[in-house]
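All values below come from the heavy atoms of this structure, side chains included, with hydrogens, waters and symmetry mates left out. Heads up: numbering here begins at 1 and tracks the sequence.
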Amino acid sequence: MTFVSPRTGWVLGSAPCPSGACTALVRTRDGGRTWQAIPAPRAPLVRGAPDPGVSEVRFADARNGWAFGPQLWATHDGGADWRRIRIGAAVEALAPGAGYALAVVGSGSRARILRAPAAGDAWISVAGLAGSGTVSESALAVSGTAAWLAGPASLRVSDDGVHWRTVPTPCGAAAGGGPGQAWLTSATDGVMVCAGEGAAGSEVKAAYGSSNGGRSFTLLGRPPRGGDLDAAAANRRYTVIVAAASGASELYGSFDGGRRYRAVLALDDGGVGWRDLGFTTDDQGVAVESLASPGRLWLTRDGGRHWHLVRFAA
């Protein structure tokens, strides 16, 4: 799921076809009220590693977009045509910035950050991530020219997507020592939610905020223990949404700068979990109930307080 404005967005999924189920792409131009099928990449929809194909979609603007994970496909005409980009490694995460896109490719000692202009396919390596381990798609956050990448044991930040520095992660004993999910809301401001000490379908969680590009963090508050952390997002009002799942799937929302939380959406779905959680504007946000069959898209238009299910025409 990806939106480039309050009205224009795309969803990658599957639809019935003569062979059973084929990769499909739909677009909205009215904020998710109606959807139109458009051409999709000629790649299988990934159901699980290490299957080939694509599992995610991101657009930088109305013309330039990518389908990825693990393959990489690009469009520069709004999805009318797609071209496979071969970069020699699996794409673990991708996010567009101001005129460019970043991709995390490979894993372990071979993990790298690649950068390309949004309107082109000239991907070049800008940083190595030796020892970074697995990076989830939700751990890469970009706002304007700035970027954050949260790994299992470190946080890397960049002002331009080219030059990177490692800063101390706030995830530690106070949050159970587990890796965190980072969300950048401006060139300097961001939120990082950490989790750990999981037991019986719950985890210790802690939300931290930074106003200086990740150089230092302040503890904002502690989201509920229920569920294992899947993702986190924040808007410029410092509304914080935390996605967690175990026996059920929950979204917790804080509307006072990350201090206090309440459940804003609770689904008795067996804990299928979440992906693509994020805000398009301070009011509009999305979340995908990731492994439901079929997957389901949820949308908020009041800054995360209420969520409604998006239905697609057959």
Q: Apply salt bridge (Lys or Arg N to Asp or Glu O under 4.0 Å) to Arg301 and list each qualifying residue two or more places apart in sequence or on a separate chain.
A: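 Result, salt bridge (Lys or Arg N to Asp or Glu O under 4.0 Å) vs Arg301: none returned.
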Q. For the residue pair Trp148 and Phe217, does the interplanar ring angle fall in the parallel (under 30°), tilted (30 to 60°) or perpendicular (over 60°) class?
A. perpendicular
Quiz question: by atom type and distance under 3.5 Å, do the side chains of [X] and [Y] form a donor-acceptor pair?
| X | Y | result |
| --- | --- | --- |
| Asp30 | Thr34 | yes |
| Trp183 | Gln181 | no |
| His76 | Asp121 | yes |
| Glu289 | Trp274 | no |
| Ser249 | Asp269 | yes |

Is it true that, when you exclude [X] itself, more than 12 heavy atoms of the residues, nucleotides or ligands shown sit nearer than 6.0 Å to its [atom1]?
| X | atom1 | value |
| --- | --- | --- |
| Asp302 | CG | yes |
| Arg260 | CZ | no |
| Arg262 | CZ | yes |
| His306 | NE2 | no |

Q) What residues form a side chain to side chain contact (heavy atoms under 4.5 Å, CB included) with Ala24, not counting sequence neighbours? A)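 Listed in chain order: Ala15.
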**Q.** Pairing residues for Ser254 by the side chain to side chain contact (heavy atoms under 4.5 Å, CB included) criterion, not counting sequence neighbours
**A.**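 Ser254: side chain to side chain contact (heavy atoms under 4.5 Å, CB included) contacts with Val240, Asp256, Tyr261.
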Flag the pair [X] / [Y] as yes when at least one side-chain heavy-atom distance between them is below 4.5 Å, and no otherwise.
| X | Y | answer |
| --- | --- | --- |
| Ile113 | Trp164 | yes |
| Thr185 | Phe279 | no |
| Phe255 | Arg305 | yes |
| Tyr238 | Asp189 | yes |
| Tyr208 | Val191 | no |
| Val157 | Thr166 | no |
| Arg84 | Gln71 | yes |
| Pro70 | Glu92 | no |

Q) Which residue pairs pass the salt bridge (charged side-chain N to carboxylate O under 4.0 Å, His left out) test when at least one of the two sits in residues 5-22, sequence neighbours left out? A)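 Non-adjacent pairs meeting salt bridge (charged side-chain N to carboxylate O under 4.0 Å, His left out): zero.
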Q | Audit row: Leu114, Ile87, side chain to side chain contact (heavy atoms under 4.5 Å, CB included) steps and yes/no | A | CA-CA 10 Å; Leu114 303 185; Ile87 55 177; 3.8 Å; yes
Q: Would you give the length of the straight line joining atom CE of Met1 to atom OG1 of Thr28, rounded to the nearest 0.5 angstrom?
A: 8.0 Å
(Q) Suppose we screen for side-chain hydrogen bond (donor to acceptor under 3.5 Å, both in side chains). Which residues come up paired with Arg259, at least two apart in sequence or across chains? (A) none
**Q.** With Asp282 via side-chain hydrogen bond (donor to acceptor under 3.5 Å, both in side chains) - residues at least two apart
**A.**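 In terms of side-chain hydrogen bond (donor to acceptor under 3.5 Å, both in side chains), with neighbours along the sequence ignored, Asp282 is linked to Arg236.
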